[in-house]
There are 2 protein chains.
Amino acid sequence: MEASIQEVARLTGTTSRTLRHYQAVGLLTPSRVGNNGYRWYDEDALVRLQRILLLRELGLGLPEIARALEAHDDETAALRRHLEHLRAESRRLDRLVASVERTITAREEGAGLMAEDMFDGFDHTQYREEVEQRWGADAYRASNDWWTSMDAGEQAAWKARAADLTNAWSAAAGAGLDPTSDEAQALAQRHVDWLRSVPGTPRDDDGTPAAGYLLGLADMYVADDRFRSAYETAEKATFVRDAIRAWVAANR
Amino acid sequence: MEASIQEVARLTGTTSRTLRHYQAVGLLTPSRVGNNGYRWYDEDALVRLQRILLLRELGLGLPEIARALEAHDDETAALRRHLEHLRAESRRLDRLVASVERTITAREEGAGLMAEDMFDGFDHTQYREEVEQRWGADAYRASNDWWTSMDAGEQAAWKARAADLTNAWSAAAGAGLDPTSDEAQALAQRHVDWLRSVPGTPRDDDGTPAAGYLLGLADMYVADDRFRSAYETAEKATFVRDAIRAWVAANR
DNA sequence: GTAGAAGTTGACGCGGCGTCAACGTCAAGC
DNA sequence: GCTTGACGTTGACGCCGCGTCAACTTCTAC
């Protein structure tokens, strides 16, 4: 009629440690405790344990299980609440998976766009003439030479950095921030620093990227399909443009 | 050029506590520490922090982030591993959701089958005559009276108990256990105890459910479509039958 | 009497920080 | 020069659900 703690553990496929824990948190009290301290469980305790284990298998936390077992007919309600919770978790995971997939893709291909077409981009857009007039037609060749001189590992690292920057922009834009906020301006600073590290970038006398170049680039992010798609939506590309414009206004 | 810990926190949308933690786990070291102990972060540290935060947003753990940042071009590989992990988690959640849904359904409807048709079931099957001959035609009426005499709360509690038993059977059968294993026999014991608590159950002189009744019931779980579907598959219903048969053989 | 199985309590550990607590530092205003 | 308040520091506990020692007692069988 009564079972020892190990017998209960074997019967239910759990461990004695777990049973002690359940007692510690007030979830399952042994029906009897011998004067030697041994715990004994009767039929009722076993049934209660089964219900606990069932709810646990369904993913409920111990405190919720305790609450559900208090008011007996409230269990279905608890399950329904839990179901909502699980569904929300599932959606969160799905979004995460999509995010990771996008990041991997960005690092493999999108980064290439940033890295290789960032300069090349001018060749295909309405800005071409203007840019060539201002900074000369060999800016592309210079950057291309720089790029092809790196080995695969260096290129990969550089791509990753570019892709992360794109991702950070996307996240900031998606968070509903203001383009003039601290975070956005910090990103703009990173963006400028990143351009600064790129040979072929047109510069002012002090070596920093030229204000006109930055503004032209910012406009292009919105106007050019390929860049716009790198930032996912037109709204996000606009956010990037406005943040860079604000940065130029504040720092030049 | 350098930012204080709070400035960094504001810029990146995190907290100073987090930055200290990252230093404690060796993930991000301040570029400089004043002789007053204050931490200062430069451009490089900020870039590293951004990459950390990106990976964290994607759900990677701090140790994995540390590893990914060690070997720079290994980040994409880390993301790919992480993606697999996330997908597995997603599948697990989906299974959980399905399980919870099934349990709720079982408690609402399936339990009704156990509770109301458990006896009624005889009326529709090939076992009707046999059962009526052995235990009398008024067994159903007795149990029906008992059932209708409970209020809604009592009925709900009883349904939940019945549904849990069904669920436990389903889980045990799905786990690939042997019908004669300790766990399966514990379930059979619960099943018999449960029948024992039901008025109208044919009994032996000692008040326990009659062996013949148990065996008939066990056969019916496999033979009758409605019971078989309560246990989801024919294999699971067969598992229940075999476990009950083994229990009868061992205890009667 | 002794070995071995099974029981006990007590404690740390995990992940990623949030949240006190208790105290030092620095710039600004009186 | 003193106070005030913002900002900095280190240190420690808490969360969740137990797994996993450790150190010890109790029961059972030979």
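Proteins come first, then strands; the chains are lettered A, B, ... in the order of their sequence lines, and each starts at number 1. Please read all numbers here as calculations on a predicted model, not as lab measurements.
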Enquirer: Rounded to the nearest Å, what distance is computed from the CG atom of residue A:Leu28 to the C1' atom of nucleotide D:dC18?
Expert: 15 Å
Enquirer: Does the pair A:Glu89/A:Arg92 count as a salt bridge with the N-to-O cut at 4.0 Å?
Expert: yes
Enquirer: On the nucleotide C:dA6, are OP1 or OP2 found under 4.0 Å from the side-chain N or O atoms that A:Arg39 carries?
Expert: no
Enquirer: Can you measure B:Ile5 atom CD1 to D:dT10 atom P for me and round it to whole angstrom units?
Expert: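 Checked: the CD1 to P distance equals 9 Å.
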Enquirer: Flag the pair B:Val47 / A:Trp194 as yes when at least one side-chain heavy-atom distance between them is below 4.5 Å, and no otherwise.
Expert: no
Enquirer: Would you kindly give the OH-to-C1' distance between B:Tyr38 and C:dT25, to the nearest whole Å?
Expert: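 Spelled out: OH on B:Tyr38 to C1' on C:dT25 is 4 Å.
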Enquirer: Tell me whether the count of non-hydrogen atoms from other residues, nucleotides or ligands lying under 6.0 Å of CG in A:Asn35 goes above 12.
Expert: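 Not buried by this count: 12 neighbours or fewer within 6.0 Å.
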Enquirer: Considering only side-chain heavy atoms of A:Asn36, which listed nucleotide, C:dT8, D:dT26, D:dT9, is closest?
Expert: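 Closest nucleotide to the A:Asn36 side chain: D:dT26.
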Enquirer: So A:Thr15, base contact, sugar-phosphate only, or nothing? Heavy-atom distance under 4.0 Å.
Expert: sugar-phosphate
Enquirer: Check the distance between C:dT25's P and B:Trp40's CH2 and give it to me in whole angstrom.
Expert: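 Between P of C:dT25 and CH2 of B:Trp40: 15 Å.
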Enquirer: Could you tell me how far apart A:Asn35 (CG) and D:dT25 (P) are, to the nearest whole angstrom?
Expert: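 Roughly 17 Å, once rounded to whole Å.
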Enquirer: Is it true that the side chains of A:Tyr22 and A:Arg56 contain a donor and an acceptor less than 3.5 Å apart?
Expert: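 Yes.
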Enquirer: Can you tell me which residue among A:Leu58, A:Thr12, A:Thr18, A:Ile65 is in a side chain to side chain contact (heavy atoms under 4.5 Å, CB included) with A:Leu53?
Expert: A:Thr12
Enquirer: On DNA chain D, compare the nucleotides closest to B:Ser4 and A:His21; which residue's is nearer the 5' end?
Expert: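 The residue mapped nearer the 5' terminus is B:Ser4.
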Enquirer: Tell me: NE2 of A:His85 to P of D:dC16, nearest whole Å?
Expert: 12 Å
Enquirer: Does B:Arg17 get its side chain close enough to the base of C:dT19, under 3.5 Å, for a donor-acceptor pair?
Expert: yes
Enquirer: Indicate, with a heavy-atom threshold strictly under 4.0 Å, whether B:Arg56 touches base, sugar-phosphate, or nothing.
Expert: sugar-phosphate
Enquirer: Ignoring hydrogens and angles, answer whether the base of D:dG17 and the side-chain atoms of A:Tyr22 contain a donor-acceptor pair closer than 3.5 Å.
Expert: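 Flag unset: no donor-acceptor pair detected.
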Enquirer: B:Glu7 has an atom CD; how far is it from atom C1' of C:dC26, in whole Å?
Expert: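 Going from B:Glu7 (CD) to C:dC26 (C1'), I get 14 Å.
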Enquirer: Round to a whole Å and report the spacing from CD of A:Gln23 to P of D:dC18.
Expert: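 In whole Å, D:dC18 P and A:Gln23 CD are 15 Å from each other.
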